[in-house]
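Only one structure is covered here, and it is reproduced in the block below.
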Number of protein chains: 2
Amino acid sequence: MESTDKKTQILEVAQKLFAKNGFDGTSVRDIAKEADVNIAMISYYFGSKEKLLEAVFEKHSNYIRLQLESLIADDKMEPMQKVYQLIDSYLQKYFGQMSFHKIVLREQMANKLSCATDMLLEMKRRNQELVKQIIKEGQKKGVFKKNIDIPMMMATMLGTANQVMTTLPFYKEVNNLADMPEEEFQKLIKKKLTLHLKSIFKAILTYEEQ
Amino acid sequence: MESTDKKTQILEVAQKLFAKNGFDGTSVRDIAKEADVNIAMISYYFGSKEKLLEAVFEKHSNYIRLQLESLIADDKMEPMQKVYQLIDSYLQKYFGQMSFHKIVLREQMANKLSCATDMLLEMKRRNQELVKQIIKEGQKKGVFKKNIDIPMMMATMLGTANQVMTTLPFYKEVNNLADMPEEEFQKLIKKKLTLHLKSIFKAILTYEEQ
DNA sequence: TAAAATCAAACAAACGTTTAATTAAGTTTT
DNA sequence: AAAACTTAATTAAACGTTTGTTTGATTTTA
């Protein structure tokens with residue numbers, strides 16, 4: 001049998017609660033209660049709490065990689081357009097799966113060696129290598145500057161997105177948008193963030209130092 | 001009596017372990033063992049584990065604010081130089097107190113309402129207001145563009161710094177610096193990050209869109 | 001000798017996991 | 001088609017640890 005109803009329900013609730021309260025801050029009893037299943041079902045389906053976390057990671061492992069590979073394969077698109085679409089893809093994933101990316105952020109911070117953090121690091125390495133290919137292509141075509149610090153550039157994209165995402169209520173406050181519906185507000189902030197990052201990346205990749 | 005040896009020792013160990021393993025991931029027994037004190041001393045000096053966390057926050061509450069205020073007060077320095085020094089101050093604080101800022105990052109993610117998160121939000125509001133003053137001064141002098149999204153710009157600085165800090169081992173790996181001593185490596189990455197952020201801020205604040 | 005500091009021990013509560021029994025679903029045998 | 005059997009799903013209860021905190025006695029300090 002594959003993916004019972006209750007099994008997927010446990011997985012989704014776990015993702016939500018891990019994001020909200022952290023791995024250590026979430027008990028299997030919390031998960032069981034919210035998913036409306038017996039506690040024993042978690043061990044029954046996933047083996048342990050730790051393996052439940054791994055299962056959450058498994059679910060999200062390949063999305064960005066596929067996007068990047070199809071970008072590289074495209075030989076008609078301009079380099080700068082590829083970078084813009086790269087930003088779009090990342091932000092699409094981030095805002096579409098906020099709760100998961102909060103878990104990633106938390107796991108990233110914990111430097112304990114687990115199967116989940118290994119998966120994460122491997123994902124990061126692979127994606128960074130693909131981004132490198134896109135940038136090098138732009139440099140070969142003479143559109144981008146030489147000496148781009150790609151890891152630092154990626155840190156700005158991921159870091160800015162994370163920062164905005166983890167302090168969304170703060171941005172709502174400073175922009176005086178307390179009344180705006182949450183969904184509309186997120187759309188707005190995503191739009192702002194996209195433009196912001198695109199203009200930064202353009203500066204990093206093309207503007208000569210003065 | 002004020003600040004016994006053991007009391008400060010508990011505070012420092014707590015900061016270190018909270019940063020490493022998170023608040024929920026750190027037990028008072030862990031803290032007591034590493035600080036080489038009896039478990040009961042934690043309740044004796046701080047009342048509870050929660051209040052111990054608050055005490056850690058208390059210790060760090062005012063550093064950046066003072067730096068910003070002295071920057072605003074200076075009426076000789078050029079606006080761009082002020083922004084550059086703002087970046088220096090923030091990164092100085094971040095790299096000097098990494099473990100504390102990891103705790104901040106974790107608390108920021110947890111949206112539970114505690115005394116500690118309140119302190120954090122208040123700090124953020126105040127500092128953002130001060131940064132706003134510095135930018136507005138530059139705009140009045142005609143050095144900076146109009147329509148600067150200050151919260152977004154700050155998100156880029158804080159977010160990039162956080163991202164680099166939480167994934168330091170990754171940056172060591174991708175830069176092939178596995179052999180470099182940790183201290184030297186951190187100096188290098190801090191230097192890189194500083195230049196990176198300054199060039200981004202210059203672009204944000206002065207380059208006209210093309 | 002009075003107050004502060006320190007300690008081992010105990011507390012109840014919460015933790016992740018396992019057990020053993022029961023129900024539901026599916027398959028095989030009559 | 002009914003009965004017998006087998007496996008999967010589900011449950012309440014219990015398991016042994018670990019959790020944060022408190023107690024009450026003892027030592028140190030002033």
Side-chain angles (χ1 to χ4, degrees), chain A residues 1-59 103 106-107 109-110 112-117, chain B residues 1-59 103 106-107 109-110 112-117:
Chain A
M1 257 348 89
E2 259 296 282
S3 74
T4 321
D5 260 351
K6 295 212 174 184
K7 191 177 177 184
T8 62
Q9 194 164 355
I10 291 171
L11 203 66
E12 277 163 18
V13 168
Q15 174 171 325
K16 185 177 124 194
L17 292 187
F18 285 162
K20 201 172 181 182
N21 308 320
F23 181 75
D24 293 317
T26 306
S27 73
V28 290
R29 281 173 180 79
D30 293 338
I31 298 171
K33 190 189 248 181
E34 181 118 356
D36 200 29
V37 300
N38 188 279
I39 314 176
M41 300 308 291
I42 290 170
S43 292
Y44 179 73
Y45 279 125
F46 297 95
S48 70
K49 189 189 173 190
E50 186 81 32
K51 284 184 184 167
L52 174 56
L53 178 64
E54 286 172 30
V56 172
F57 273 78
E58 202 92 46
K59 216 181 77 179
I103 303 177
R106 287 194 130 105
E107 260 326 281
M109 225 167 315
K112 60 182 171 190
L113 299 169
S114 74
C115 182
T117 54
Chain B
M1 245 9 73
E2 259 297 285
S3 74
T4 321
D5 261 350
K6 296 211 175 184
K7 191 177 178 184
T8 63
Q9 195 164 355
I10 291 171
L11 204 66
E12 278 163 17
V13 168
Q15 174 170 325
K16 186 177 124 194
L17 292 187
F18 285 162
K20 200 174 182 181
N21 309 319
F23 181 75
D24 293 317
T26 305
S27 73
V28 290
R29 280 172 181 80
D30 293 337
I31 298 171
K33 191 189 246 180
E34 181 119 355
D36 200 30
V37 300
N38 187 280
I39 316 175
M41 300 308 292
I42 291 171
S43 291
Y44 179 72
Y45 279 124
F46 296 95
S48 71
K49 190 189 174 190
E50 186 82 31
K51 284 185 185 166
L52 174 56
L53 177 64
E54 285 173 29
V56 172
F57 273 78
E58 201 92 46
K59 215 181 76 179
I103 303 176
R106 287 195 129 103
E107 270 311 295
M109 224 167 315
K112 60 180 171 190
L113 299 169
S114 74
C115 182
T117 54

Within this structure, what is the [atom1]-to-[atom2] distance between [X] and [N], rounded to whole angstrom?
| X | N | atom1 | atom2 | value |
| --- | --- | --- | --- | --- |
| Lys49(A) | dA14(C) | NZ | C1' | 12 Å |
| Ile10(A) | dT11(D) | CD1 | P | 10 Å |
| Leu52(B) | dT19(D) | CG | P | 15 Å |
| Asp5(A) | dA8(D) | CG | P | 19 Å |
| Ile42(A) | dA12(D) | CD1 | P | 14 Å |
| Asp30(A) | dT17(C) | CG | P | 14 Å |

Inset, instruction - Would you mind listing every side-chain hydrogen bond (donor to acceptor under 3.5 Å, both in side chains) that reaches into residues 30-44 of chain B, with sequence neighbours excluded? - result: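 Found Lys16(B)-Glu34(B), Ser27(B)-Asp30(B).
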
Inset, instruction - Within residues 15-29 of chain B, find the residues that approach DNA chain C with a heavy atom at under 4.0 Å, and present them sorted by residue number. - result: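 Those residues are Arg29(B).
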
Legend entry - DNA chain C contacts made by residues 33-41 of chain B, counting heavy atoms under 4.0 Å: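 Under 4.0 Å from DNA chain C: Asn38(B), Ala40(B), Met41(B).
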
Nearest-0.5 Å distance that lies between atom [atom1] in [X] and atom [atom2] in [Y]:
| X | Y | atom1 | atom2 | value |
| --- | --- | --- | --- | --- |
| Tyr45(A) | Leu11(A) | OH | CG | 12.5 Å |
| Leu52(A) | Gln15(A) | CG | CD | 10.5 Å |
| Asp5(A) | Ile10(A) | CG | CD1 | 11.0 Å |
| Ile103(A) | Leu53(A) | CD1 | CG | 6.5 Å |
| Ile39(B) | Arg29(B) | CD1 | CZ | 4.5 Å |

Legend entry - Under the side chain to side chain contact (heavy atoms under 4.5 Å, CB included) test, residues paired with Lys49(A) that sit two or more places apart: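 With neighbours one apart ignored, the set is Phe18(A), Phe23(A), Val28(A).
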
Legend entry - Residues forming a ring-ring contact (aromatic ring centres under 6.0 Å, His included) with Phe57(A), sequence neighbours excluded: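 ring-ring contact (aromatic ring centres under 6.0 Å, His included) check on Phe57(A) returns Phe100(A).
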
Inset, instruction - Please say whether more than 12 non-hydrogen atoms of neighbouring residues, nucleotides or ligands are located less than 6.0 Å from NZ in Lys59(A). - result: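 More than 12 within 6.0 Å, yes.
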
side-chain N/O [X] vs [N] OP1/OP2, d < 4.0 Å:
| X | N | answer |
| --- | --- | --- |
| Lys6(B) | dT6(C) | yes |
| Tyr44(A) | dT10(D) | no |
| Tyr45(A) | dA8(D) | no |

Legend entry - Among dT17(C), dC7(C), dT11(D), the one nearest Ser48(A) by side-chain distance: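 So the nucleotide nearest the side chain must be dT17(C).
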
